[in-house]
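Bear in mind that the values here come from a model prediction, so they are computed numbers and not experimental data. In what follows, chains carry the letters A, B, and so on, assigned in the order in which the sequence lines appear, proteins first and then strands, with residues in each chain numbered from 1.
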Amino acid sequence: MTQIAEIIVDVPTMQTNTPYSYSIPPALTGSVRPGMRVVVPFGNGSRKVQGFVWQLAEQTDFSRPLKAIDTVMDLQPVLNQELLALADHMAVTTYAFKITCLLTMLPNALKATYEKWVMPTDTLEESIRKKLFGHADRLLLDDSKLPEEQLKSLLKLASGGKVTVSYAVRDRGNVKTITMIEPAMAADKLQAAKATLRSTAKKQAVLLDYFITHPEPIAQRELEKALAVSSTIIKTAEKNGWLVKKAVEVYRDPLATAVTPTRALTLNEAQQTAVSALKTATNDHKAATYLLEGVTGSGKTEVYLQAIDNALQNGQSALMLVPEISLTPQIVGRVRGRFGQRVAVLHSGLSAGERYDEWRRIERGEATVVVGARSAIFAPLENIGIIIIDEEHEATYKQEDNPRYHARDIAIWRGRYHHCPVVLGSATPSLESRARAQKGVYQQLLLPHRINASALPKVTVVDMTQELQNHAESNFSTALLSALKQRMAKGEQSILMLNRRGYSSFVMCRDCGFVLKCPNCDISLTLHMDTKTMKCHYCGHEEPIPNVCPQCHSRKIRYYGTGTQKVETELKEVLPDAQVIRMDVDTTRRKGAHERLLNKFGRQEADILLGTQMIAKGLDFPNVTLVGVLNADTGLGLPDFRASERTFDLLTQVSGRAGRADKPGQVFIQTYNPDHYAIQLAKDQNYERFFLTEMQMRHRGHYPPYYYSVKLTASSGDERQAAEAMIKIVRQIKKTLSPAAIMLGPTPGAVARVNNRYYYQLVIKYKQEPALDQALFEILTEYQSTGRMGLQIAIDRNPMSFM
DNA sequence: AGCACGCCGACT
DNA sequence: GTCGGCGTGCTC
């Protein structure tokens, strides 16, 4: 009989990054299983802490007496064996704590919160007790919301033993229920009850009549509506013992709107080849990774849907990841239209409760197709038949804080576990993936043609340096402007993309060059016309727009750079009749705003959709025949080895938005670097050439995918502390590295200061360093305690950027 | 994360 | 001489 549970405790430190043994009290024997959440006493005061049962054991090497598990929080494990094993793997590969990994796999609703309760003891003087507690027998200590002095006096009382502080773990998982009403007795008994009613009790009679003919349960709300009775009438019937109320669990349906069912489309030859390869892999339980490379508009989604359908027909489940930004109703609608109620959708727009409901539907096997953003990769599906990552090159698949996992890596791990294929789909695969396909690590599947044989749009690169010489400064070249006018005349729509947000990137004094910067962060403030303020995009600092230069008091302080608001203003001047929808971070902040604006554009209530990167992905508007990229360069100048790749991806994606249906499309790319290979090759939609060219650049610069990389960041409120720590780490790590490894840095972060913290970083590029992992874990252990002094060390394996 | 233990400065 | 500052180490 197992009496010991090994538990990962919710204390994220290096020392507790291993299971702790707890005894299972007799009352809980048999109800403790791996993957369940438990509450255990921990530390000196045995405060209550949440933990995960890692495994059960017969014995332990811990020599001192064990504490016992306090409570079991779940009836069923919330994490299965697969996910427990995955957490272990993830902890090792991302240098994160096991507990952090376990928690990221769960919906927020299942992440417990801690409460601090203060209770008076007998020794507390009555007067003070009354003043502090009043009638309550205990007080909730709200996360230092209390004034400083009150907190201090409480602490004093605690140390004097006059009050005690206890910790409680509170489960946040709240299940939504509705009240159902059903008869408490058979129809003949109800009939008899009805006979006892007084003649004035009309409503009661109606109610009983209903249940005599409809014995099945009905939602109270519906019942009230259907019979026009009030809740008090029902309550009376309940009191009389005729009816019973019961709470029934319901799911909050985030997509309650009806979807139109869709049927499988006919595939072209390339699609057919891809689908049958994937079907075979699923049917043969082959854990292979496929790179599905298809130009924009080549029908990748239909390939996914048919591969998913095959898995479902085998009685298996399917997981599909899309970037958050393209989790638009269009994509979701298509999947839902094909698979209906079997689809669960997970994205950041859901409330914690909705997310939890979707998660439970998956966990119970009610939903077997999961569509979601990055974290949906942890969906608790059983028997997965296929995993798909759409737009696999997207940077959003990499989590930017601990655990710094890449969804692609997790997908491949799960694919191996389930012996099922993983599909990485993209028109512009990441260099890493494409290189692996080259080496035969991934199987390449090509979709070289657009469906319906629609032609790729005609792309024109506009040299803005020329434009500047010919005309006054404007965001619109002559060519783009006349094309816009043409579309309006023909009643066709246009999309304009801008590489940034805000009205203008910064203000600068034309006399002395002064740039208004954030007092907390080392970046320029951005002008926001809607709030008439200068804002910091990093920390949210806000201040009024200056009229005179704070440095030289000149009045020639002007706005530089370009933002969507400014473009919109200019657009209204040059095309006063155009109906424009502006989409950027500012106009889409509110929940559902994104959809609303897109739907409006889809209904052709506007001529021009103006937006930032967010409009480039996954939209399909048949009436759009013109796409203009106003400033293709932004980003090219960044000191980041992926700058060219990102620019190429963006331009290729956005160009694909034009002319997808019967009408031919046209694209204008405005740039100050017309000869840059990323722009020229995007113009030709020539991914293969870009891949070869960029691979040469990467090879020359010793960048991924030729090298692996690790980024270490030290941050602190004290600049010297961060710098010194980093210098020390460099010395330490140098000893373990082979001569072939390359170190970049230490350098101050690209933005050296964010929110009053200073950043120093080091990037290591390497091919094979067997001792590196160990060294990095040692560094983490060593700097564990410095967190309290404000020094934090972060390790990012294979970072998305070196900045 | 929270708590105890332990070693140096301003009080009864 | 003590109270209490927070640096350090440990928590099954």
Side-chain angles (χ1 to χ4, degrees), chain A residues 2-26 28-29 32 34 36-73 91 96-104 111-119 140-146 148-149 151-170 401-403 716-718 721 724-725 778 780-794:
Chain A
T2 52
Q3 288 186 322
I4 292 172
E6 303 207 318
I7 289 165
I8 299 286
V9 151
D10 181 15
V11 179
T13 65
M14 218 58 205
Q15 296 91 306
T16 51
N17 196 25
T18 178
Y20 275 45
S21 304
Y22 283 87
S23 63
I24 301 173
L28 298 179
T29 312
V32 178
M36 284 180 172
R37 298 173 303 152
V38 290
V39 178
V40 292
F42 187 78
N44 246 311
S46 279
R47 70 196 162 95
K48 301 289 184 283
V49 164
Q50 190 193 13
F52 286 83
V53 180
W54 191 249
Q55 59 183 57
L56 300 178
E58 306 286 332
Q59 53 184 43
T60 170
D61 12 342
F62 189 70
S63 52
R64 278 176 285 160
L66 301 184
K67 290 183 182 176
I69 291 177
D70 194 88
T71 336
V72 182
M73 294 174 76
F97 301 122
K98 289 190 176 72
I99 185 66
T100 319
C101 296
L102 291 167
L103 287 171
T104 30
K111 290 170 199 168
T113 51
Y114 293 96
E115 287 176 345
K116 237 181 184 177
W117 289 93
V118 192
M119 274 164 288
L140 183 64
L141 212 57
D142 209 352
D143 299 11
S144 63
K145 257 189 183 169
L146 293 167
E148 185 84 3
E149 42 199 286
L151 209 81
K152 272 213 167 125
S153 63
L154 273 172
L155 276 170
K156 204 158 211 168
L157 289 171
S159 60
K162 302 203 166 175
V163 298
T164 55
V165 179
S166 71
Y167 296 84
V169 179
R170 210 173 72 128
D401 39 46
N402 288 332
S716 166
D718 174 12
Q721 191 185 34
E724 280 168 8
E778 274 164 24
L780 276 185
T781 312
E782 188 182 335
Y783 285 89
Q784 164 76 59
S785 54
T786 63
R788 273 181 264 195
M789 293 149 57
L791 174 67
Q792 280 170 354
I793 306 293

Contact list for DNA chain C against residues 64-71 of chain A - heavy-atom distance below 4.0 Å: A/Arg64, A/Leu66, A/Lys67
A/Ala112 and A/Gln50: which non-hydrogen atoms are nearest, and at how many Å? CB-OE1, 3.5 Å
Hey, does A/Phe42 reach any base, or is it just sugar-phosphate, or nothing, if we go heavy atoms under 4.0 Å? base
Could you pull out all residues at least two apart from A/Thr18 that satisfy side-chain contact (heavy atoms from CB on, under 4.5 Å)? A/Tyr20
So what does A/Thr13 hit on the nucleic acid, given a heavy-atom distance under 4.0 Å: a base, only sugar-phosphate, or nothing? base
A/Tyr783 side chain to A/Ala794 main-chain N or O, any donor-acceptor pair under 3.5 Å? no
At a heavy-atom distance below 4.0 Å, what parts of residues 43-55 of chain A sit against DNA chain C? A/Gly43
Residue list, side-chain contact (heavy atoms from CB on, under 4.5 Å) with A/Pro403, at least two apart or on another chain: A/Met90, A/Thr94, A/Ala96, A/Thr100, A/Cys101, A/Thr104, A/Gln399, A/Tyr405
If we only count heavy atoms from C-beta on, is the A/Ile7 to A/Pro19 side-chain gap below 4.5 Å? no
List the atom of A/Ile99, the atom of A/Pro12, and the distance in Å for their closest heavy-atom pair. CG2-CA, 3.9 Å
Side chain to side chain donor-acceptor pair (under 3.5 Å) with A/Lys111: which residues, sequence neighbours excluded? A/Asn108
Under 4.0 Å from any heavy atom of chain A: name the first and the last nucleotide of DNA chain B that qualifies, 5' to 3'. B/dA1 to B/dA4
Taken in chain and number order and not counting sequence neighbours, the residues that satisfy side chain to side chain donor-acceptor pair (under 3.5 Å) with A/Asn402 are A/Arg404
For A/Glu778, the salt bridge (charged side-chain N to carboxylate O under 4.0 Å, His left out) test, sequence neighbours excluded, returns none
Considering all heavy atoms, the nearest A/Pro41-A/Tyr22 contact: O-OH, 2.8 Å
For a 4.0 angstrom threshold against heavy atoms of chain A, report the outermost contacting nucleotides of DNA chain C in 5' to 3' order. C/dT8 to C/dC12
Hits for side-chain contact (heavy atoms from CB on, under 4.5 Å) against A/Gln784, two or more places apart or cross-chain, chain-then-number order -> A/Thr13, A/Met14, A/Gln15, A/Phe97
If the condition is side-chain contact (heavy atoms from CB on, under 4.5 Å), which residues does A/Glu782 pass it with, not counting sequence neighbours? A/Lys728, A/Gln732
Donor-acceptor pairs are to be reported for all side-chain atoms of residues 64-73 of chain A against protein atoms at under 3.5 Å, with residues two or more places apart or in another chain.
| residue | atom | partner | partner atom | Å |
| --- | --- | --- | --- | --- |
| A/Lys67 | NZ | A/Gly43 | O | 2.8 |
| A/Lys67 | NZ | A/Ser46 | OG | 2.8 |

